[in-house]
Engineer: 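Before we start, here is the structure in question, set down as structure tokens.
Because the structure is a prediction, the values reported are computed rather than measured. Numbers here are sequence positions counted from 1.
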Amino acid sequence: MRKPKEQLAKTIADRMTDEELFSQILMFGWAGAEPSELLNSWVTSRGLGSVKVFGWNTANIQQVARSVKLLQEEAAQKRFKIPLFVATDQEGGYIRHVKGETSVTPGNLAIGASGYPIDSYYSGFYINREIRALGINMNFAPTVDLYTNLDSSVIGPRSFGVKPDNAGILGVEFARGSSDAGVIPTAKHFPGHGDTSIDSHGRLPQIQISEETFKNRELVPFKHLIQANIPAIMSGHLSFPQIEADGTPASLSKHMLTDLLRGELGFKGIIITDDMMMVGAIGFAGSFSKAVTMAIRAGNDIIISSTTAPLNSALWTENLALMKSDAAFRSRVKDAAYRVILAKLQYFKSENAAPLYPDDQKIYESIPDKDGELFFLDQACRSVTVYKKGESLPLKASEDESILIAGPFQNFFNEGTRRYPDARTFHFSYDLRSDESNFSEWDATGLVSAARSYDTIVISVYDWHTANIAKRLQNLGKKVIIFSVLSPVFVLDGFEWADTIICGYSYSDYSFKAMWGVLNGEFEAEGKIPLDLTQVN
């Protein structure tokens with residue numbers, strides 16, 4: 001007679017050694033083209049519970065599939081034969097850790113601009129159906145942080161927008177699509193990363209909002225997701241001093257995770273830390289090992305490190321020693337391991353789980369997803385927004401009007417010259433410097449010089465530097481059309497002089513096709529910028 005999953009998970013946890021319990025709640029990253037020998041050693045000798053695919057060397061998706069298969073085969077040789085959670089960040093838009101032939105999609109802010117929940121559902125479905133084919137079974141998405149701070153370079157177009165209920169509804173649908181595709185969704189970054197311009201990779205963000213704002217704004221998307229039974233939530237390295245006076249990051253706070261997230265909000269799934277190698281965690285705790293201890297005590301069930309720790313690092317020796325000397329700490333580790341094991345039983349015993357041993361010879365049957373390609377173009381068309389409409393809209397090809405197309409993106413040029421075959425192009429580097437370096441100055445001066453010979457200039461703007469370059473065109477007496485790529489924040493102020501401003505929210509092929517289609521009069525844009533435009537000066 002089969003035991004209920006809860007009873008089986010408890011039985012396994014009861015029989016585990018301290019080493020097996022602790023290993024089950026760790027997730028180490030693999031950043032190379034394939035897992036390191038050290039990561040393999042954690043799986044074979046320690047029974048590591050989870051791995052994460054980071055995006056630095058994932059261009060070869062066949063190699064990704066082979067690596068997942070090898071790691072799962074190694075995990076199956078351990079005493080309890082517990083499969084690995086294999087996770088990645090495939091949010092859509094520009095956050096796409098598994099690269100290669102996977103789809104570059106319009107992204108969350110584009111979904112917010114169209115406002116259709118069905119767009120969010122199918123985005124989650126097709127994005128995750130692709131990574132499922134590689135054996136990846138957990139995705140750190142959807143991002144439901146609110147775009148409340150327009151200076152944020154951390155969240156930006158990763159957000160669905162500024163409205164809490166909208167973000168919650170769209171997040172629920174993305175998660176539902178992910179689950180239907182066979183991948184576990186993970187909502188992030190609890191309790192909300194949107195109201196800061198600081199990146200927790202570099203230092204701990206302090207978000208100075210009242211408890212009332214915190215509860216009625218930041219927490220709202222997560223309440224929607226918890227009500228919809230989201231299976232996993234990621235805790236953020238974020239400090240809310242008006243909520244927790246000593247500034248403890250949410251990821252290390254028992255109040256935030258155990259009292260609030262589990263107790264008050266009623267979350268039943270697994271809590272996963274953001275990368276513990278971030279300064280936002282280590283800087284507060286004082287060391288990596290202490291940060292891990294604090295994260296476990298706070299209520300996290302899976303601890304992520306982008307770097308694979310040495311087998312006998314302080315992370316391992318100090319926390320194992322604490323398990324033997326501190327009964328409460330050991331009980332918390334065991335509870336976390338139980339939650340992870342139960343989640344694995346529920347997932348891997350389902351009929352829709354990602355393959356444990358993906359066939360690298362067949363993955364191109366699924367990637368890129370053929371149905372997804374059709375959908376993402378439709379979605380991009382629904383999201384495009386005309387922020388400023390001038391006499392150039394629509395712009396029809398004419399022998400009497402010379403056109404210059406300026407930007408760094410080849411697909412931007414391809415779509416533009418397809419519609420305007422006589423147009424000329426001016427290429428500048430995507431990686432412009434943050435200071436006024438000679439390199440950036442050369443780009444700006446060269447563009448202004450080239451633009452003098454044309455009637456109309458179409459230029460892509462995607463950050464403050466390209467916005468400043470575009471502003472050099474103001475006094476030339478030319479028609480200037482701005483294509484806003486990624487966040488529209490950079491074009492919301494200071495471009496009153498431009499003829500037309502079109503927002504597409506992404507540098508994907510789909511978004512550029514849609515933006516050029518609007519400019520060419522192929523259809524009318526209906527998207528709305530999902531931000532609080534009253535903040536614009």
Engineer: Supply the atom-to-atom distance Ile270 CD1 to Tyr338 OH, rounded to the nearest 0.5 angstrom.
Structural biologist: 13.0 Å
Engineer: Where do Glu173 and Arg176 land on the salt bridge (charged side-chain N to carboxylate O under 4.0 Å, His left out) test, with the steps shown first?
Structural biologist: CA-CA 5 Å; Glu173 289 305 304; Arg176 191 166 67 88; 2.7 Å; yes
Engineer: Side-chain contact test, heavy atoms from C-beta onward, threshold under 4.5 Å: evaluate it for Lys5 versus Leu8 and give yes or no.
Structural biologist: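 No, their side chains stay 4.5 Å or more apart.
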Engineer: Within a strict 4.5 Å, meaning less than it, do heavy atoms of the Ile303 and Ile296 side chains meet?
Structural biologist: yes
Engineer: Is there a side-chain contact between Ile271 and Leu261, using heavy atoms and a 4.5 Å cut-off?
Structural biologist: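 Side chain of Ile271 against side chain of Leu261, heavy atoms only: contact under 4.5 Å found.
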Engineer: Are the aromatic rings of Phe409 and Tyr462 close, with centres under 6.0 Å apart?
Structural biologist: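 Yes, close enough.
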Engineer: Verify whether one side chain among Ser235 and Asn300 offers a donor that lies under 3.5 Å from an acceptor in the other.
Structural biologist: yes
Engineer: Are any non-hydrogen side-chain atoms of Leu71 and Asn40 less than 4.5 angstrom apart?
Structural biologist: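 The answer is yes, as the side chains (C-beta and beyond) meet within the 4.5 Å cut-off.
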Engineer: Given Asp119 and Ser114, is the side-chain hydrogen bond (donor to acceptor under 3.5 Å, both in side chains) satisfied, shown in steps?
Structural biologist: CA-CA 8 Å; Asp119 280 347; Ser114 71; 2.9 Å; yes
Engineer: Quick one: do Lys188 and Asp274 satisfy salt bridge (charged side-chain N to carboxylate O under 4.0 Å, His left out)? Show the steps, please.
Structural biologist: CA-CA 9 Å; Lys188 63 185 184 185; Asp274 206 343; over 6 Å; no
Engineer: Which atom pair, heavy atoms only, marks the closest approach of Ala167 to Phe160?
Structural biologist: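 Of all heavy-atom pairs spanning Ala167 and Phe160, the closest is O-CD1, 3.9 Å.
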Engineer: At what distance, to the nearest 0.5 angstrom, does CG of Leu84 lie from CD of Gln72?
Structural biologist: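 Those atoms lie 4.5 Å apart.
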Engineer: Heavy-atom distance under 4.5 Å between the side chains of Ile363 and Val64, does that happen here?
Structural biologist: no
Engineer: Find out whether the Lys NZ or Arg CZ of Lys52 is both under 6.0 angstrom from the six-membered ring centre of Phe54 and within 45° of the ring's axis.
Structural biologist: yes
Engineer: Gln63 and Ala33: which non-hydrogen atoms are nearest, and at how many Å?
Structural biologist: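 Heavy-atom minimum between the residues: CG-O, 3.3 Å.
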Engineer: May I ask you to test the Phe376-Pro106 pair for a side-chain heavy-atom distance under 4.5 Å?
Structural biologist: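 Phe376 reaches Pro106 side chain to side chain.
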Engineer: Do the side chains of Leu26 and Ser305 get nearer than 4.5 Å, heavy atoms only?
Structural biologist: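 Heavy-atom side-chain distance check fails, nothing below 4.5 Å.
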Engineer: With sequence neighbours left out, write down each residue that passes salt bridge (Lys or Arg N to Asp or Glu O under 4.0 Å) with Lys10, or none if nothing qualifies.
Structural biologist: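 Lys10: salt bridge (Lys or Arg N to Asp or Glu O under 4.0 Å) contacts with Asp14.
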Engineer: For Ser350 and Asn352, which I'm curious about, is there any donor-acceptor pair between the side chains at under 3.5 Å?
Structural biologist: no
Engineer: May I ask you to test the Phe267-Ile230 pair for a side-chain heavy-atom distance under 4.5 Å?
Structural biologist: yes
Engineer: Go through the steps for Ile155 and Arg158 under the test side-chain contact (heavy atoms from CB on, under 4.5 Å), then give the verdict.
Structural biologist: CA-CA 5 Å; Ile155 300 302; Arg158 299 166 67 187; 4.2 Å; yes
Engineer: side-chain contact (heavy atoms from CB on, under 4.5 Å) between Arg129 and Asp371: does it pass, once the steps are laid out?
Structural biologist: CA-CA 11 Å; Arg129 193 159 74 167; Asp371 294 334; 3.5 Å; yes
Engineer: So which pairs with a foot in residues 122-154 pass ring pair (Phe, Tyr, Trp, His ring centres under 6.0 Å), sequence neighbours left out?
Structural biologist: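 Counting only pairs at least two positions apart or across chains, the ring pair (Phe, Tyr, Trp, His ring centres under 6.0 Å) contacts touching residues 122-154 are Tyr122-Tyr126, Tyr122-Phe375, Tyr126-Phe375.
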Engineer: Below 6.0 angstrom between ring centroids: does that apply to Trp42 and Trp316?
Structural biologist: yes
